[in-house]
There are 2 protein chains.
Amino acid sequence: MNSVAEMQQQHINRSSGLPLYLQIYELLRRRITSDEWQPGDMLPTETALLEKYDVSRATVRQALDALVQEGLIYRERGRGTFVAHPTVEQGLVRIVSFTEDMRQRGFEPGTEVLSVGLVQASEEQARALQVPVGEELVHIERLRLADNEPMSIEASFLVHRLCPNILSHDYAVLPLRDALENDYGIRMESATQTIRAFNASPRIAQKLGIRKSSAILVIERISRSQYGVPVEFLQVYHRGDRYVLYNELRG
Amino acid sequence: MNSVAEMQQQHINRSSGLPLYLQIYELLRRRITSDEWQPGDMLPTETALLEKYDVSRATVRQALDALVQEGLIYRERGRGTFVAHPTVEQGLVRIVSFTEDMRQRGFEPGTEVLSVGLVQASEEQARALQVPVGEELVHIERLRLADNEPMSIEASFLVHRLCPNILSHDYAVLPLRDALENDYGIRMESATQTIRAFNASPRIAQKLGIRKSSAILVIERISRSQYGVPVEFLQVYHRGDRYVLYNELRG
DNA sequence: TAGTGGTCTAGACCACAAA
DNA sequence: TTGTGGTCTAGACCACTAA
């Protein structure tokens with residue numbers, strides 16, 4: 001099953017035109033995101049890496065720098081380089097799945113699929129995904145539970161053209177991000193989102209088990225692939241009485 | 001008046017123990033934050049910098065890398081390195097004043113002081129500011145306007161001990177941050193905040209001119225000084241129908 | 001064509017952590 | 001003392017931009 005890790009290329013290609021440090025970055029990144037290397041594990045030393053890939057130390061460090069900047073690893077002088085532990089702070093800086101998010105908050109996550117199907121892009125959706133109005137979109141609506149209590153409703157819209165047949169999975173179990181990456185090689189690499197408060201509509205209030213008109217924290221997110229193409233338009237309705245965002249700022 | 005720029009040291013100290021790239025980074029950073037170099041201005045080329053400071057190109061690039069990462073500059077291959085234009089995206093990463101925030105959104109900001117005085121720290125406030133319950137706090141409550149329409153209510157709590165006499169200013173005009181920095185040498189350098197949605201209390205609804213129970217976006221922020229001491233506990237109630245937060249995420 | 005930033009090499013010395 | 005990451009040098013060739 002662990003096909004990504006098994007198929008993993010262990011060498012770099014000096015004639016591919018792709019910068020060496022990027023190739024090394026990708027190789028290391030995959031080892032981390034595939035969970036082959038766990039949080040706290042020590043990475044090979046810089047010396048070991050430069051020997052393995054036959055590059056200079058500066059090139060190895062450039063690859064590691066990118067991973068540090070991404071928050072995936074951290075360095076300790078005199079000790080080594082280690083896989084980072086995910087932190088809550090990442091909530092407003094990195095794309096985090098509901099499952100990860102809830103685990104970090106100490107809740108047991110659950111999912112109930114409300115509806116799945118194809119729809120034609122509305123004007124709002126078309127604008128978000130940069131496709132023509134009417135383009136075929138995959139629509140997945142899920143109720144998200146925390147410790148078996150409703151926490152959020154997630155409405156996801158994907159460009160069907162980019163991921164045909166994605167509907168054959170069971171999204172109560174399989175994270176959407178994994179399906180996109182494994183089946184279509186699409187990685188959600190960046191996103192923009194807006195956060196606002198609004199009063200729950202009767203339908204949303206009923207699904208979330210709260211009083212009509214209760215305050216809802218709405219997050220709308222447009223995720224783009226590694227090629228910069230919009231892939232998903234996500235609308236999340238969080239219960240205002242249960243869900244709090246947290247982040248850190250600099251002066 | 002431009003004392004910072006004038007007093008600016010233009011050389012690096014090779015025996016200070018401070019890494020050369022950090023010294024260059026600081027010098028360049030000051031030129032940008034002091035507005036000596038404006039957004040869009042081209043920085044000296046890497047070659048010019050390495051000659052000026054008599055270091056290797058790698059050292060210059062390390063200094064520039066830090067500025068790029070901070071979002072203060074950007075590079076264009078074949079063209080040069082330029083001072084970045086501030087972006088809205090910084091809203092969720094940097095501490096931004098209401099005034100700056102509104103200007104970026106294209107609104108004309110306004111302020112009305114609702115109340116000013118000393119209070120004794122409640123349990124919540126004491127926990128946030130890490131002081132004993134009952135400690136004397138400065139309390140400033142302001143109504144914030146955008147294009148003359150109510151947008152938010154800000155309730156600010158400061159540790160009085162750290163800024164005695166701060167109440168002698170008029171906070172409809174003077175930004176709190178400026179008063180802290182100019183009069184007490186306190187710079188708000190980092191902060192943590194939470195974001196949630198809740199239903200407006202009758203009092204808040206009335207002040208904001210919205211219907212009772214309308215959805216409000218609440219931001220609570222604890223700001224710390226350059227010494228890591230909590231200085232301000234801020235509660236902001238934004239109108240859900242007018243205020244939207246925006247930010248960018250990475251995969 | 002000249003000048004810019006992007007990538008890369010093959011070294012070097014250092015501060016720090018752990019044995 | 002050994003091995004780690006932190007800093008730094010003095011080059012090199014490349015792709016891209018603009019004149």
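Being a predicted model, the structure only gives us computed values, none of them experimental.
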Round to a whole Å and report the spacing from [atom1] of [X] to [atom2] of [N].
| X | N | atom1 | atom2 | value |
| --- | --- | --- | --- | --- |
| Q23(A) | dT7(C) | CD | P | 12 Å |
| Q62(A) | dG6(C) | CD | P | 10 Å |
| L50(A) | dT4(D) | CG | C1' | 13 Å |
| Y25(A) | dC8(C) | OH | P | 15 Å |
| L22(B) | dT7(D) | CG | C1' | 10 Å |
| I12(A) | dT7(C) | CD1 | P | 14 Å |
| D65(B) | dG6(C) | CG | C1' | 11 Å |
| F82(A) | dT4(D) | CZ | P | 11 Å |

Taking for each residue the nucleotide of DNA chain C with the nearest heavy atom, is it A58(A) or R77(A) whose nucleotide lies nearer the 5' end?
A58(A)
Reading DNA chain C from 5' onward, which residue's closest nucleotide shows up sooner: R61(B) or G78(A)?
R61(B)
Closest approach to the side chain of [X], judged atom by atom: which nucleotide of [options] is it?
| X | options | value |
| --- | --- | --- |
| V55(B) | dG5(D), dT9(D), dC8(C) | dT9(D) |
| M42(B) | dT9(C), dT7(D), dT4(C) | dT4(C) |
| R75(B) | dG5(C), dC8(C), dC8(D) | dG5(C) |
| Y21(B) | dC8(C), dG5(D), dC8(D) | dC8(D) |

Cation over ring, R105(B) on Y243(B), under 6.0 Å and within 45°?
yes
Answer yes or no on whether R30(B) is positioned over the face of Y25(B), meaning its NZ or CZ is under 6.0 Å from the six-membered ring centre and within 45° of the axis.
no
Given [N], is OP1 or OP2 found less than 4.0 Å from the side-chain N or O atoms of [X]?
| X | N | value |
| --- | --- | --- |
| T81(B) | dG5(C) | yes |
| R14(A) | dT9(C) | yes |
| R57(B) | dA10(D) | no |
| R79(A) | dA18(C) | yes |
| T45(B) | dT4(C) | yes |

So does E46(B) pair up with R75(B), basic N to acidic O under 4.0 Å?
yes
Would E70(B) and R29(B) pass as an ion pair if we require N to O under 4.0 Å?
yes
Would you indicate what L64(B) reaches in the nucleic acid, counting non-hydrogen atoms under 4.0 angstrom: base, sugar-phosphate, or nothing?
nothing
When you look at E26(A) and R187(A), which way does the salt bridge (charged side-chain N to carboxylate O under 4.0 Å, His left out) test go after all the steps?
CA-CA 12 Å; E26(A) 287 290 353; R187(A) 213 164 62 222; 3.6 Å; yes
